[in-house]
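Report on one structure; see the data block that follows.
Below, chain A is the first sequence line, B the second, and so on; all start at residue 1.
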Amino acid sequence: MKTSVASRIASFASGGLVRAVLIVLALLWLMPTAGLLLSSFRDPRDMASSGWWTVFTDPGQLTGANYTEILQNDAITGSLWTTALITVPATLLVLVLGAMAAYAFAWLDFPGRDWWFIGVVALLVVPIQVALIPVARLFNTLGLFETTFGVVIFHAAFGLPFAIFLLRNFFAEIPRELLEAARLDGAGELRLFTRVVLPLGGPAIAALAIFQFMWVWNDMLVALVFADPSSPPMTVALQQQMRQFDSNIDVLAPGAFLSMLVPLAIFFAFQKQFVAGMMGGAVK
Amino acid sequence: MFRGRPWIVASFLLPALLLLGALVVYPIIFSLYRSLFDASGDGFVGFGNYQSLFTDPAIRKALQNNLIWIAVAPAVATGLGLIFAVLTERIRWATAFKLLIFMPMAISMLAAGIIFRLVYEADPDRGVANAVAVSVHDTFSEGAPWPGAHPRPDDGMSEEPDGAIVLDQAVSAGDSVLLPLVRVAPPAVADAEQAVPAASSSDGVTGTVWLDFTQGGGGEPGVIDDGEKALAGITVQAVQDGSVVASATTQADGTFSLPAEADGAQLRLAASNFAASYNGVDWLGPSLVTPAIIGSYVWMWAGFAMVLIAAGLAGVPREIMEAARVDGANEWQVFRRITVPLLAPVLGVVMVTLMINVLKVFDLVLIIAPGSVQPDANVLALQLYTVSFGAGSNQGLGSAIAIFLLLLVIPVMIVNVRRLRKEAQR
């Protein structure tokens, strides 16, 4: 090896430079969130007169009062509950319906199967905006407008193309012999689906569940249009406070953090599944 | 493949297909139909609503902004993602760094909007973006010494539109002039020296600039009374035929002295002496609001690009890069000639995904742009919402915007389907 001393010094220095750049970038990326987090622990009067960075020189201003207050605010805690009431069923519905359809596309034979699947894949990129007006009308006729059920099935419908696409590709990789053996043992389709396909599809189903959960939890547009404005989910409840941003910052900052807690916890606990779902879903 | 009995196939497939049919496919067809009718839904207007897309000033603004979004946001996010992925490749704590950059993906656009509304707060004492802008600005250029000072009225001086103060009468050599100013806050001059009249010189022009205000009342206008403070550090220019022929700065006692060139010139106190202090950038003003919101979008999505590109990078054979390095290529050449071309397919997928995503941007604009600036920050997805469900309530026009958005993603839809059919044939 003829690595000269000079080039080794150069590569060490450039390594140091890369590290320095990355640290600056990391701080830059962290700063906006850190700013909101620190703000949420400050008195509104302090927030009106000085920046969140003053807590580094004067940590005495930190207080949990905003959180105590917001947790006693029924509108906000109620909206967190509504968010959960929408997100959990919408996620489960997509998992169940998506897995069933994916199984049919992967392992059942029926006329026009490939064309049906192509149709589903084509729907992957349909912008959600296209459906707002027609579905609002449809829900009005069916009495589903401004109901939690309406919001849930809307989310489920727009989650399905991705769910079917992801799960069918995963189910199709299951070794044929496994399924044939089970079938020879006399297992019916339902048994095959619940006892063989679903357990083997675990990783894909987990990725999908996390992805769908985050998507519905974080949604604002669908809720703005279809949710009951008198008991809206968290995103809409906070959006309603935006008109007086400066004077409502003592609700908005802790509220935004409360709404972020669940997705962030899931994100840190299941990063691998989240990334897997995202990779499968590029182009959605 | 198993031949399923029809009722079994149907029971697995129908629930999903029914939901898709009712809430995704039927709406596309209905939107197409609805877009041909007016606001009431009764009057057939043909392609009139589609014409409005390009004639209605609000929608045109939204269209323009969407073009800026599509041109800038995906490219910047992908570029940053590429840089992050390459830089972290050989760093031990890469996972922690990636997690941090990627974290904003997990939070809602609403939360991101609130976060950035705070970042872009105009007051540099509260918004971190302007706090940084102001401290950088003040590091490189000193602030004006006496912001907001004005000449004493009716004392032979006048103010120019840019804030400079001029002495109406030309001066000649040997003059010693008095330049009384007012409207400087008393605390600002608390430490200033007592002003003194300047000694006249035979060939030049001298004078005094001071705050013609006696604390506690009294004092004669236009005269340096006891207790009146000098205004130091003011640039005094001698102007002849529109060009500066000489300039001087006032001393601690308020006096200045100009050389012989000032003879016959007009004295001017430059506008820079009185400029208001720098308060940062109006991030959420009409002209910068779209780039500012794009900045928040890039903050959210650069991590997405980074993760996909890093996965692609892991699949690039090391040997090719090593071979190039052995052949004497430097890191930049390896990056430019080998890494980027090999990553081209991944970069393409990331760009296309982000472009589709950018078309649908709605929450960030609604949250970050203050109400009064929203028309300047408007995008199609937001316009669709306001037109259909806001005050206008024109669902015909809203449907036309929806179909227009759908048309924009149809090429991607076709590519997806083609790729699928190719895979099926293998």
- Message: Working to the nearest 0.5 angstrom, can you tell me the gap between Ile114(B) CD1 and Ile249(A) CD1?
- Response: 7.5 Å
- Query: Top residue by heavy-atom pair count (under 4.5 Å) with chain A, among Ile410(B), Leu408(B), Leu366(B)?
  - Reply: Leu366(B)
- Query: Excluding sequence neighbours, so at least two apart, what forms salt bridge (Lys or Arg N to Asp or Glu O under 4.0 Å) with Glu89(B)?
  - Reply: Arg318(B)
- Could you have a look at Val128(B), Leu405(B), Leu359(B) and say which one has the most heavy-atom pairs with chain A under 4.5 angstrom? Val128(B)
- Item | Atom group of Ile266(A) that falls short of 4.5 Å from chain B, counting heavy atoms | neither
- Query: Where does Met220(A) contact chain B at under 4.5 Å (heavy atoms): side chain, backbone, both or neither?
  - Reply: both
- Message: Can you tell me which portion of Val96(A) sits under 4.5 Å from chain B's heavy atoms? Options are side chain, backbone, both or neither.
- Response: neither
- Flag side-chain contact, heavy atom, 4.5 Å: Leu28(A) against Trp299(B): no
- Tell me, out of Leu118(B), Leu17(B), Val119(B), who's got the most heavy-atom pairs with chain A below 4.5 Å. Leu118(B)
- Tell me, side chain or backbone of Thr54(A) under 4.5 Å from chain B's heavy atoms, or both, or neither? neither
- Side chain, backbone, both or neither of Leu138(A) within contact of chain B (heavy atoms, under 4.5 Å): side chain
- Toward chain B, the part of Ala163(A) with a non-hydrogen atom under 4.5 Å: neither
- Give a yes or no on whether the backbone of Ala106(B) and the side-chain of Asn218(A) come within a donor-acceptor separation of less than 3.5 Å. yes
- Task: Pick one of side chain, backbone, both or neither for Met47(A), based on which atoms fall under 4.5 Å of a heavy atom in chain B.
- Result: backbone
- Note on the structure: Honestly, the part of Trp116(A) sitting under 4.5 Å from a heavy atom of chain B is side chain
- Message: Using heavy-atom distances under 4.5 Å, tell me whether Val21(A) contacts chain B through its side chain, its backbone, both, or neither.
- Response: side chain
- Item | Minimum-distance pair of heavy atoms, taken over all atoms of Asp125(B) and Trp53(A) | O-CZ2, 3.8 Å
- chain B heavy atoms under 4.5 Å from Gln129(A): which part of the residue, side chain, backbone, both or neither? both
- Query: So Trp29(A) and Phe84(B), ring-ring contact (aromatic ring centres under 6.0 Å, His included) or not? Walk me through it.
  - Reply: CA-CA 12 Å; Trp29(A) 241 254; Phe84(B) 294 169; 5.4 Å; yes
- When Val415(B), Ile401(B), Leu406(B) are compared by non-hydrogen pairs under 4.5 Å with chain A, the top option: Leu406(B)
- Contacting region of Phe193(A) [heavy-atom separation from chain B under 4.5 Å]: side chain
